[in-house]
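Note that these values count all heavy atoms, side chains included, but never hydrogens, waters or copies made by symmetry. Residue numbers start from 1 in every chain, and the chains themselves are labelled A, B, ... in the order their sequence lines are given, proteins ahead of strands.
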Protein chains: 2
Amino acid sequence: MNREIERAFSSYLRKNGMRVTPERKAILREVFALHRHFDVEELFDILRRKKTRISQASVYRSMPLFVKAGLVIRTAGAVGKVVYEHVYGHEHHDHMFCVKCGKQIEFNDDKLEKLQVEICRKYGFNPEYHNLEIDGLCKNCAKNKRTGGKYEI
Amino acid sequence: MNREIERAFSSYLRKNGMRVTPERKAILREVFALHRHFDVEELFDILRRKKTRISQASVYRSMPLFVKAGLVIRTAGAVGKVVYEHVYGHEHHDHMFCVKCGKQIEFNDDKLEKLQVEICRKYGFNPEYHNLEIDGLCKNCAKNKRTGGKYEI
DNA sequence: AATCTTGTTGAGAATCAATCGCAATAAGCG
DNA sequence: CGCTTATTGCGATTGATTCTCAACAAGATT
Ligand SMILES: [Mn+2]
Ligand SMILES: [Mn+2]
Ligand SMILES: [Zn+2]
Ligand SMILES: [Zn+2]
């Protein structure tokens with residue numbers, strides 16, 4: 001993981017009278033080693049499978065800190081589940097999600113971003129953040145005709 | 001509530017070998033009397049405050065039926081909570097959500113919808129449904145300078 | 001380096017939403 | 001009116017997240 005990230009987080013902690021602990025650093029390291037969306041359970045499993053003896057409670061307690069520090073966001077996942085993704089050093093993107101095979105496509109369209117801002121202006125709304133998830137069928141699943149599908153909406 | 005909705009739902013039930021019960025009808029009636037996003041807890045409270053003696057389990061069991069029948073969707077709410085909204089007879093719309101006062105703006109922009117379809121085509125993706133939530137500050141809250149805010153992201 | 005203050009940790013209990021199991025009930029059909 | 005079987009209510013259960021609290025340790029102070 002990047003030194004820069006660790007420094008950014010430590011700085012955030014100190015600025016808010018919190019402490020830099022090995023647990024927090026270890027969790028953060030895993031978050032940035034995971035290049036996909038994940039939930040706390042997955043993250044905890046990974047930490048447990050390694051030597052670390054970090055408690056579940058600490059993982060749950062750390063996530064909101066990462067979010068507030070601007071390093072991680074809560075993002076799109078199966079509806080109703082809390083899912084995270086690291087964003088520090090990444091560009092903003094939106095998602096397509098195949099309801100049949102679970103495939104996830106990340107995309108970024110400049111025209112779309114601009115259009116959203118424009119629409120907000122019409123409503124006098126000040127956008128800070130947005131989340132767009134398009135559900136449907138990926139190229140593969142679209143041709144192999146639809147059947148059941150484990151990721152029902 | 002509209003007779004038409006009840007008929008549509010009854011028809012869906014019969015078509016699938018399920019039964020039309022007074023409980024299901026009562027829950028559906030409340031869902032369509034509620035003109036905003038809601039979670040199961042709210043819905044159950046409303047039902048309980050009225051004469052009805054419908055169990056929580058029945059409410060939880062009914063929601064997926066309404067969704068499958070195309071009368072209701074799971075939609076945007078505080079991230080991580082399961083929130084519903086009735087859609088039968090309503091046009092598709094997206095949401096802006098004020099993180100300070102909780103105000104919700106529903107909007108529909110044709111250009112935005114078309115652009116999304118276009119982007120999907122580029123990825124060979126077959127969109128079926130999408131969910132766009134823009135978080136930020138509403139007109140009012142934007143001028144009254146930002147402070148805390150009970151609806152943190 | 002030793003000491004002090006106070007934020008943090010781990011473990012398990014507690015909480016909360018959602019689901020389940022089952023006996024009693026009642027929808028739908030002949 | 002009966003028969004079949006889906007549905008209900010209730011309480012128990014699961015699963016995720018939060019809380020409690022005593023032991024610990026980060027970071028400031030001397
Ligand atoms: Mn992503
Ligand atoms: Mn809406
Ligand atoms: Zn697919
Ligand atoms: Zn507002």
Side-chain angles (χ1 to χ4, degrees), chain A residues 6-7 9-31 37-48 50-69 72 74-75 77-84 152-153, chain B residues 6-7 9-31 37-48 50-69 72 74-75 77-84 152-153:
Chain A
E6 196 170 310
R7 258 194 295 112
F9 184 52
S10 298
S11 152
Y12 166 82
L13 290 175
R14 278 191 280 268
K15 198 171 305 174
N16 291 83
M18 297 185 223
R19 293 174 183 175
V20 178
T21 69
E23 289 81 3
R24 284 171 176 168
K25 285 200 281 187
I27 298 167
L28 184 61
R29 201 173 309 124
E30 286 314 321
V31 166
H37 298 195
F38 60 90
D39 58 26
V40 174
E41 194 192 353
E42 278 178 85
L43 183 56
F44 178 61
D45 279 349
I46 291 172
L47 283 159
R48 197 173 26 177
K50 304 199 170 183
K51 60 284 165 189
T52 51
R53 191 145 304 296
I54 293 174
S55 74
Q56 211 177 24
S58 287
V59 181
Y60 274 108
R61 285 187 285 231
S62 294
M63 297 312 301
L65 299 182
F66 301 153
V67 172
K68 284 185 207 129
V72 166
R74 294 174 73 150
T75 188
V79 200
K81 282 206 78 174
V82 176
V83 172
Y84 295 94
E152 286 301 337
I153 311 179
Chain B
E6 196 169 311
R7 258 194 295 111
F9 185 51
S10 299
S11 152
Y12 167 82
L13 289 175
R14 277 191 282 268
K15 197 170 308 175
N16 291 83
M18 297 184 226
R19 292 173 184 177
V20 178
T21 68
E23 288 82 2
R24 284 172 176 167
K25 285 200 281 189
I27 298 167
L28 184 62
R29 200 173 309 124
E30 286 313 322
V31 165
H37 298 195
F38 61 91
D39 57 26
V40 174
E41 192 193 352
E42 278 178 86
L43 183 56
F44 178 61
D45 279 348
I46 292 172
L47 283 160
R48 197 173 28 176
K50 305 200 169 181
K51 60 284 165 189
T52 51
R53 191 146 304 296
I54 294 174
S55 74
Q56 210 178 23
S58 288
V59 182
Y60 274 109
R61 285 187 285 231
S62 294
M63 297 312 301
L65 299 181
F66 301 153
V67 172
K68 284 186 207 128
V72 166
R74 294 172 74 149
T75 188
V79 202
K81 282 207 78 173
V82 176
V83 171
Y84 294 94
E152 286 301 335
I153 312 178

Worksheet entry | Arg48(A): side-chain contact (heavy atoms from CB on, under 4.5 Å) partners, not counting sequence neighbours | Phe44(A), Asp45(A)
Worksheet item: Rounded to the nearest 0.5 Å, what separation is found between the OH atom of Tyr12(B) and the CE atom of Met18(B)?
Response: 4.0 Å
Fill in: Minimum heavy-atom distance Leu13(A)-Arg24(A), with the two atoms named
CD2-NH1, 4.0 Å
Worksheet item: Can you check whether Asp39(B)'s main-chain N or O pairs, donor with acceptor, with Glu42(B)'s side chain at less than 3.5 Å?
Response: yes
Worksheet item: What's the NZ-P distance between Lys25(B) and dA26(C), to the nearest Å?
Response: 15 Å
Worksheet item: Taking side chain as C-beta onward, heavy atoms only, is Phe38(A) less than 4.5 Å from Val31(A)?
Response: yes
Item to complete: Anything under 4.0 Å to a heavy atom of chain A counts; send over the first and last such nucleotide of DNA chain D, read 5' to 3'.
Response: dA16(D) to dG27(D)
Discussion item. Can you tell me how far apart OH (Tyr84(B)) and OG1 (Thr75(B)) are? Round to the nearest 0.5 Å.
Written reply: 11.5 Å
Worksheet item: How large an angle, rounded to 10°, do the end axes of the helix from dA1(C)-dT30(D) to dG30(C)-dC1(D) enclose when each is built from five base pairs?
Response: 40°
Fill in: Closest approach of Ala26(A) to Leu47(A) (non-hydrogen atoms, all atoms of both residues)
O-CD2, 4.1 Å
Item to complete: Identify, with sequence neighbours excluded, every residue that meets salt bridge (Lys or Arg N to Asp or Glu O under 4.0 Å) alongside Arg14(B).
Response: none
Expected list for residues 58-69 of chain B: side-chain donor-acceptor pairs under 3.5 angstrom, two or more places apart:
unit_1	atom_1	unit_2	atom_2	d
Ser58(B)	OG	Ser55(B)	OG	3.2
Ser62(B)	OG	Ser58(B)	O	2.8

Worksheet item: Glu6(B) and Leu28(B): which non-hydrogen atoms are nearest, and at how many Å?
Response: CA-CD2, 4.4 Å
Worksheet entry | Integer-rounded Å distance: dA18(C) C1' and Phe44(B) CZ | 13 Å
Discussion item. Generate the contact string for nucleotides 1-16 of chain C. Rules: B means base contact, S means sugar-phosphate contact only, - means no protein heavy atom under 4.0 Å.
Written reply: ----BBBSBB------
Worksheet item: Taking OP1 and OP2 of dT19(C), is either one under 4.0 Å from a side-chain nitrogen or oxygen of Tyr60(B)?
Response: no
